[in-house]
Amino acid sequence: MSKIVLIDGHSILNRAFYGLPDLTNAEGLHTNAIYGFLNIMFKILEEEKPDYLTVAFDVHAPTFRHEMFADYKGTRKPMADELRQQVPVMKDVLHAMGVRTVEKEGLEADDILGTISCRCEKEGMEVVVISGDRDLLQLATEHVKIRIPKTKKGGTEVEDYYASDVKERYLVTPKEFIDVKALMGDASDNIPGVPNIGEKTATKIIAEYGSIENAYEHASELKPPRAAKNIVEYWEQAKLSKELAAINIDAPVDYNLAEAELTDLYTEAAYEYFQRLQFKNLLSRFDVQAKSNSVEDAFRIITDKEEARRIVDKAKTAETAGLVLYKNLKNVLPLFASGAGFGGIGIAFGKEDIYCIPAGEGIEESWLLEQAREIANNVARFVMFDLKSALPYIPIRPEREEHCFDATVAAYLLNPLKNDYTFEDVAREQLNLMIDPKADTEAKVCYEAYTAYAASEPLWEKLTETQMDRLFKQIEMPLVFTLFDMEQNGVMIESEALRFYGNQLGSKIVELEKEIYEMAGEEFNINSPKQLGVVLFEHMQLPNGKKTKTGYSTAADVLDKLAPDYPVVSKILEYRQLTKLKSTYADGLAAYIGEDGRIHGKFNQTITATGRISSTEPNLQNIPIRMELGRLIRKVFIPEDGYVFVDADYSQIELRVLAHCSGDKELIQAYREAKDIHRITASQVFHTPFDEVTDLQRRNAKAVNFGIVYGISSFGLSQDLSITRKEASQYIERYFETYPGIKEFLDDTVAHAKEMGYVVTLFGRRRPVPELKSSNFMQRSFGERVAMNSPIQGTAADIMKMAMIRVDKELKNRKMKSRLVLQVHDELLIEAWKEELPQVEELLRECMEQAAELDVPLIIDMHTGENWYEAK
DNA sequence: TTAAGCTCC
DNA sequence: AATCTGGAGCTTAAT
């Protein structure tokens, strides 16, 4: 017996839309409803294995009851824009998959579904109807199953209804379901029903009498007298309601079953669509092997040393070579980290020259690595993904650095918003090459090498088109080597002192724990916000316990307000501080100390949206400084014997960048003369002579200065300064009056971003801002703040990168022993050989202050010390 | 895996 | 009518 699945298109889209978090693709297109729809559809198809499939849509986008308001009468919301824009795309996607869709002017999807369902059942088919709308239950029979998906946590659950299930659950048959609705009405469908009859009464009446007609004839017997009276009084209305409630099962629908036959959904067109929508999980459903990847024919696995020798010799003279180092073949890419388990190389230097060369019996690891080094240092263009991680094995001579091309970094510049930059993605995006996720490791190695080889050109073209070619060549690529040096250098830790610090924290924590249990009158996990909230706001009855959806907020700003009145709260805050210090810093850092007594953290170049560098394993960019107790941690960061720390940080680099980019005369002038920019700002904003500015005025001016850089709102500023929103907006207004160039610049930047879809730094780095297209006020506002902040933060990052490169290069050129060890966004830490100290100081100041020439001076503060605490 | 909390610039 | 300062990473608890 053949089977058909019918889907209520808008209903399922709507379910998916409200059941999933907002997703957007790179174009700023919202995709969550489509994604959810497809997941539900695939799940159903796998379960049902039907022969036919059809999706029905309403011609005019219907309104929907928002789930939250489903119980309220008459609260239909118009379809959200984010959902509306997904509807035509959804239809396109279905068509790309060869799925039949039906819609007809004047018909609701219900009627289409009812009609097709009825026709198919008559043909002796099994019918499965998918909808989120319970009205469809009236269509259920022995052969028509209604399936209602529920988006729950951890996947979708589906409620199934044959006729008997409807009866069991609602006490009436599917046909009677229409009569129930006729009596109770449905405000959202404009079905009036009969007054004073709700769901309970309606169900009871229909369960007993089977139809409104029969109930009408026995009106005098009806239970609640009011119902009896009204059913007579409103009989015409009841009949009309029944007509409205009934789904038409004989509508004039042009429908040919043959067109609905379920064929292979995973077409090339669908693949391209999924790719564009960035449905990565769904892409894996496609049987990529079926597609002819002609490059695959060129893949060769080389085990013979003579052949390997011929290949690498040829590679050395190649124009462009893509290389990959891989672990043992059992291990999955990406690259090995620690050196153990080197498996071999992948190399590509032409469309017909793509090789995987495993290290093995005839081909020694050391020989192979040596060949890789020679290739890297001889080809005109050497391309890898994540070059920095290969540099320990393949050192690049300084004069050869400019011949290197890191495809990961290039892909990052082209779209810094992505989470990762895999070779599979780059192959897909740049080469239109689809890689089978199930391919064996050798094939993947070949693919990666080939992608590196072949993608460098389109990547470079795109960098040129977007005018980021200079940024790439002059800043990002050289930075790869600087960051590598910094990682290799690492920073020395006095591990004894660190352990002592941790132990001290440990004892203090135990003490505090006892005191808190004592004061609370019970023992609980203080680290659990959930438990803590219950103890504080329920058991101990502390005031103001309202906040957040998952319980009480126990965030520091909430507890701060309570601390003066409740000593236990102060203890808890102290406990939090100490446990944070111990777990993240004392114990956390200790775990990363290497055999050389140093921490070699990672500095990541392809993470942030703005162009900053990030630091992981461990994060060395968030070592405490604000609180004294935390700041002490910095005493364990020490230079090696014979060395001293030199720490230099830019003074207000972001504000200076803003002054330059905006060209604001006042602010530029202020910086050219400046001793104290916040005081000058206060003086100008508050119309107070410079020398008479109060501390409060200065503090406020400083907060406004920061707020401006972050993309200010009056609310944020008012929070920050504990003033009213009105006062805050007055501050901002006066600030903009004082510095009209800044207002103009920020407005222009947002306008440009809205038009172009991205913002740019002074050095050409781009950041897309898809949020600006959102119809959601909050999202759009976020986009505006991002548009204001990113060019400033990004330009500062660009400048720091240029400075680092110069510092690193200069130290190496002069063959100095001093070395760069840390970067913290606007700060560099150098481990300086004591004899070189004066040179280092001069060089640092020169490189940093002259890194870029702006209309305002770039100034650094510099200190030396025997540890990081002293040097900062 | 996510949320809440905390650390930094 | 609503909104409610930008960029990161790590640890813990709870799912």
Side-chain angles (χ1 to χ4, degrees), chain A residues 21 153-154 416-417 524-533 547-559 572-573 575-589 591-592 601-604 607-627 629-631 633-634 649-650 652-654 658 703-721 725 728-729 732 759 767 769 774-794 796-797 800 822-827 872:
Chain A
K153 267 195 176 171
L417 300 185
F524 61 101
N525 189 343
I526 310 168
N527 279 319
S528 160
K530 198 173 161 184
Q531 294 182 38
L532 179 61
K547 275 216 171 177
T548 75
K549 50 221 153 198
T550 52
Y552 303 99
S553 167
T554 65
D557 55 340
V558 175
L559 298 191
I572 288 163
L573 284 168
Y575 174 89
R576 279 232 181 110
Q577 191 194 1
L578 298 196
T579 49
K580 175 81 181 177
L581 288 173
K582 178 155 166 58
S583 64
T584 304
Y585 299 106
D587 300 347
L589 289 177
Y592 285 100
K602 284 186 176 165
F603 289 95
N604 313 296
I607 301 288
T608 72
T610 54
R612 276 190 179 178
I613 285 161
S614 96
S615 161
T616 52
E617 300 174 61
N619 183 352
L620 295 169
Q621 291 179 324
N622 72 345
I623 305 301
I625 189 163
R626 265 186 54 222
M627 304 297 243
L629 185 63
R631 190 175 195 154
I633 288 262
R634 292 178 176 234
D649 68 291
Y650 280 112
Q652 296 153 349
I653 186 167
E654 289 180 343
L658 177 62
V704 179
N705 273 333
F706 273 99
I708 293 291
V709 170
Y710 291 155
I712 197 151
S713 81
S714 55
F715 182 89
L717 186 65
S718 68
Q719 286 281 352
D720 219 38
L721 293 176
R725 274 184 59 178
S729 54
I732 296 168
V759 288
R767 170 181 182 169
V769 194
S774 171
S775 62
N776 177 309
F777 176 87
M778 196 169 75
Q779 290 259 321
R780 209 170 49 245
S781 303
F782 174 75
E784 288 168 2
R785 293 192 293 272
V786 161
M788 291 188 262
N789 168 264
S790 293
I792 302 171
Q793 187 181 121
M800 176 51 108
L822 293 180
Q823 187 255 38
V824 193
H825 310 305
D826 67 349
E827 169 191 2
K872 176 77 182 162

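Residue numbers begin at 1 in each chain, while the letters A, B, ... track the order of the sequences.
- B:dT7 atom P lies 13 Å from atom CZ of A:R634, rounded to whole Å.
- Phosphate contact (OP1/OP2 of B:dT7, side-chain N/O of A:Q577, threshold under 4.0 Å): absent.
- More than 12 heavy-atom neighbours from other residues, nucleotides or ligands sit within 6.0 angstrom of CZ on A:F524.
- The phosphate of C:dG9 (OP1 or OP2) has a side-chain N or O of A:S614 nearer than 4.0 angstrom.
- Residue A:D649 is classed as having no contact, given no heavy-atom separation below 4.0 Å to the nucleic acid.
- Taking the C1' atom of each, B:dG5 and C:dT3 are spaced 24 Å apart, rounded to whole Å.
- A donor N or O paired with an acceptor N or O is found under 3.5 Å between the base of C:dG6 and the side-chain atoms of A:Q793.
- Between the side chain of A:N527 and the base of C:dT12, no donor-acceptor pair under 3.5 Å is found.
- Dashed line: the shortest gap from a side-chain N or O of A:R767 to OP1 or OP2 of C:dG7 is under 4.0 Å.
- Residues A:E617 and A:Y592 have side chains in contact (heavy-atom distance under 4.5 Å, counting atoms from C-beta outward).
- The nearest whole Å value for the distance from the CZ atom in A:R626 to the C1' atom in B:dC6 is 10 Å.
- Separating the NZ atom of A:K580 from the P atom of C:dA13 is a distance of 13 Å, rounded to the nearest angstrom.
- Between A:I607 atom CD1 and C:dG6 atom P there is a gap of 20 Å when expressed in whole angstrom units.
- Closest approach to the A:V786 side chain among B:dC6, C:dG9, C:dG6 is made by C:dG6 (side chain taken as heavy atoms from C-beta onward).
- Phosphate contact (OP1/OP2 of C:dA13, side-chain N/O of A:N525, threshold under 4.0 Å): present.
- In this entry the distance linking OH of A:Y552 with C1' of B:dG5 reads 19 Å, nearest Å.
- Comparing atom distances between the A:P624 side chain and each of B:dC8, C:dA8, C:dG7 picks out B:dC8 as nearest.
- Here the side chain of A:R576 is nearest to one of B:dC6, C:dT12, C:dC10, namely B:dC6.
- Comparing C:dA2 with B:dC6, their P atoms sit 29 Å apart, to the nearest whole Å.
- Each of C:dG7, C:dA14, C:dA8 was ranked by its minimum atom distance to the side chain of A:K530; first place goes to C:dA14.
- Taking atom CG on A:N619 and atom P on B:dC6, their separation rounds to 17 Å, with Å as the unit.
- Regarding contacts with the backbone of C:dA8, every side-chain N or O of A:R612 stays at 4.0 angstrom or more from both OP1 and OP2.
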Are any protein N/O atoms closer than 3.5 Å to N/O atoms in nucleotides 1-4 of chain C? If there are, list each pair with its distance.
none

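- One interatomic measurement links the two molecules: CG of A:L532 to C1' of C:dT11, which rounds to 16 Å at whole-angstrom precision.
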